[in-house]
Amino acid sequence: MGEGREATGGGGAAAASASDLLEALVDAGHLIPTGTPGLYGRGAAFDALLDRLEALFDRLTADDRAERLRFPPAIGRALFERSGYLDSFPHLAGTVHAFDGDERGHRELLAALRAGRDWTGRQAPTGLVLTPAACYPVYPIFAARGPLPATGGIADVASWCFRHEPSTEPTRLQLFRMREQVRLGRPEQVLDFRQRWIERARQLVDMLDLPARLELAHDPFFGRGGQIMAASQRDQRLKFELVVPIADPQRPTACMSFNYHQDHFARSFGIRDFEGAPAHTACVGFGVERLAMALLRHHGLDPTCWPARIRAALEGASP
Ligand code: 5GP
Ligand code: ZN
């Protein structure tokens, strides 16, 4: 990992632009357009690749003894409100609404639908918010358990995540799979975790032979105030990303993120360390589809033709 290789890997899908890459992925049957930008079905080979990447993550993290937790892809409104997401990313959130009218309301809804008018007026909030990042459900659970043990905590999570950013760029999906590890504890435990993960990511991209680079990064905070938050996040070196050129060689795509939240989530949810002080947290996450697209982009659209070393890494055999 480093300034490394050129973005045009031998045998890769020759995509000069996002629309070329999308077309190539669709033609190969990996993505199935649904008519909505950023919302795709997945073909069998692509789906198998996503599962292999998750299995590789399992093998890489087998010794961590992380607590495996799985949640449906929505969180409750109270959790969402406490997380602070609306302060930073109101533009990305997706709330779930449902019809709450009576029969008359139903007739009005159908009349509006048939007349081609807006029928959503009768949809009321359900109290569910689509999960924006796989780690969110973890924080209240650890808070409810009382102070962390001296060794802190570590969780392994995976979720479908929603972000309202419709795009024709295939690496920017509205609904995508995210796999994460979350570390909770003392600042030094959490920073050590993040550092070890940065080294692990280096191992991962070597195994997969991807031209990746580690970059200081910031989240897409909303509005003008967001620019100040982004600058502060960068100044404090809170977020790093592992970027790989996928759709645009000039603008590589974040495939993994390494986030240090300091005590933000611990204060919001009341997570205490073993001495009763607000804990610190960090999470490391990867976008499963993005890593899959990086592989298809650099090694070719047919995974059965990839170099043996990469196939072995994905299949769990020793190289
Ligand atoms: P973060 O919470 O740092 O924005 O995202 C965590 C990881 O999720 C990123 O490193 C990236 O790999 C993945 N991710 C973020 N946004 C998208 C997206 O729009 N589409 C896909 N496929 N993955 C994303
Ligand atoms: Zn996270």
Side-chain angles (χ1 to χ4, degrees), residues 18 21-22 25 30-31 37-40 42 46 49-50 53-54 57 66 69 71 73 75 79 83-85 88-89 91-94 130-139 142 154-184 190 193-194 197-198 201 204-205 210 212-222 230 233 238-244 246-247 251-262 264-266 268-269 280-297:
L21 180 65
L22 178 59
L25 292 169
H30 293 311
L31 292 187
L39 190 73
Y40 297 97
R42 293 110 205 281
F46 190 69
L49 178 55
L50 301 177
L53 283 167
E54 289 227 38
F57 189 94
L69 297 167
F71 302 91
I75 55 177
L79 193 169
S83 72
Y85 199 81
S88 303
F89 316 109
H91 55 307
L92 299 179
L130 294 171
T131 301
C135 61
Y136 276 53
V138 165
Y139 305 111
F142 276 81
I154 181 163
D156 170 312
V157 281
S159 186
W160 280 90
C161 295
F162 174 84
R163 294 186 186 173
H164 185 233
E165 38 186 7
S167 165
T168 51
E169 138 87 87
T171 57
R172 187 159 298 289
L173 301 172
Q174 296 207 68
L175 275 157
F176 55 93
R177 278 164 62 168
M178 194 189 294
R179 182 76 186 265
E180 288 194 58
Q181 262 197 4
V182 189
R183 182 79 170 104
L184 310 94
V190 160
F193 161 87
R194 187 173 70 159
W197 253 111
I198 288 174
L204 180 70
V205 294
L210 289 172
R213 203 170 62 208
L214 188 75
E215 282 186 352
L216 186 62
H218 62 82
D219 284 312
F221 295 105
F222 182 73
Q233 193 183 28
L238 298 181
K239 185 178 188 84
F240 289 90
E241 286 175 342
L242 183 78
V243 300
V244 181
I246 304 179
R251 289 181 41 246
T253 303
C255 289
M256 285 188 87
S257 313
F258 311 84
N259 305 303
Y260 176 33
H261 316 124
Q262 297 170 309
H264 167 78
F265 286 118
S268 304
F269 292 102
H280 280 225
T281 63
C283 69
V284 170
F286 85 93
V288 192
E289 290 87 351
R290 282 192 176 173
L291 217 43
M293 287 182 205
L295 287 165
L296 293 163
R297 168 73 183 83

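Numbering of ligands and ligand atoms starts at 1, following listing order. These values consider heavy atoms only, across backbone and side chains, with no hydrogens, waters or symmetry-generated copies.
Under a 4.0 angstrom heavy-atom cut-off, Arg177 registers as lying outside contact with ligand 1. The closest approach between any non-hydrogen atom of Glu241 and ligand 1 is not below 4.0 Å.
Under a 3.5 Å cut-off, the side chain of Glu180 and the backbone N or O of Ala134 do form a donor-acceptor pair. The backbone N or O of Ala158 sits nowhere less than 3.5 Å from a side-chain atom of Arg177 that would complete a donor-acceptor pair. Checking side-chain atoms of Gln174 against main-chain N and O of Pro37 turns up a donor-acceptor pair under 3.5 Å.
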Open item on the list: Run His280 and Tyr260 through side chain to side chain donor-acceptor pair (under 3.5 Å) and show every step you take.
Closed with: CA-CA 8 Å; His280 280 225; Tyr260 176 33; 2.6 Å; yes
Open item on the list: Between Ser167 and Glu169, does the side chain to side chain donor-acceptor pair (under 3.5 Å) criterion hold? Intermediate values first, please.
Closed with: CA-CA 5 Å; Ser167 165; Glu169 138 87 87; 5.9 Å; no
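Residue, atom and distance of the protein heavy atom nearest to atom 15 (C) of ligand 1 are Arg163 NH1, 3.6 Å. Among all non-hydrogen protein atoms, the one lying nearest atom 18 (C) of ligand 1 is Arg290 NH2, 3.4 Å. For atom 11 (C) of ligand 1, the closest non-hydrogen atom on the protein side is Ala254 O, 3.4 Å. In terms of protein heavy-atom proximity, atom 8 (O) of ligand 1 is closest to Met178 CE, 3.6 Å. For atom 9 (C) of ligand 1, the closest non-hydrogen atom of the protein is Ser257 OG, 3.3 Å.
For ligand 1, the polar-atom distance check against Ala133 finds no nitrogen or oxygen pair separated by under 3.5 Å. For Gly287, a nitrogen or oxygen atom sits less than 3.5 Å from a nitrogen or oxygen atom of ligand 1, counting backbone and side chain alike. On a distance-only criterion, Asp219 and ligand 1 share no N/O pair closer than 3.5 Å. Inclusion of Leu173 in the set of residues having an N or O under 3.5 Å from an N or O of ligand 1 is warranted.
Proximity of Cys255 to ligand 1, defined as any heavy-atom pair under 4.0 Å, is confined to the backbone N, CA, C and O atoms. With a 4.0 Å heavy-atom cut-off, ligand 1 is reached by the backbone of Thr171 but not by any atom from C-beta on. Counting heavy atoms under 4.0 Å from ligand 1, residue Glu165 touches it through the side chain alone.
Between Trp197 and Phe57, the two ring planes are parallel [angle under 30°; tilted spans 30° to 60°].
Taking both residues in full, the closest heavy atoms of Phe221 and Gln233 are given as CE1-OE1, 3.2 Å, listed atom of the first, atom of the second, then distance. Taking both residues in full, the closest heavy atoms of Leu49 and Leu295 are given as CD1-CD1, 4.2 Å, listed atom of the first, atom of the second, then distance.
Within Glu180, the N, O or S atom lying nearest to the Zn ion (ligand 2) carries the name OE1.
Paired with Tyr136 under the rule ring pair (Phe, Tyr, Trp, His ring centres under 6.0 Å), one option of Phe89, Phe71, Phe265 passes, and it is Phe265.
Of all atoms in ligand 1, numbered sequentially from 1 with element shown, those under 4.0 Å from a heavy atom of Lys239 are 1 (P), 3 (O).
The residue among Phe89, Phe176, Phe240 with a heavy atom at the shortest distance from atom 16 (N) of ligand 1 is Phe176.
Atom CZ of Arg290 is separated from atom CG of Leu173 by 7.5 Å, given to the nearest 0.5 angstrom. One distance of note links CZ of Arg213 with CD of Glu241; it measures 11.5 Å at 0.5 Å rounding.
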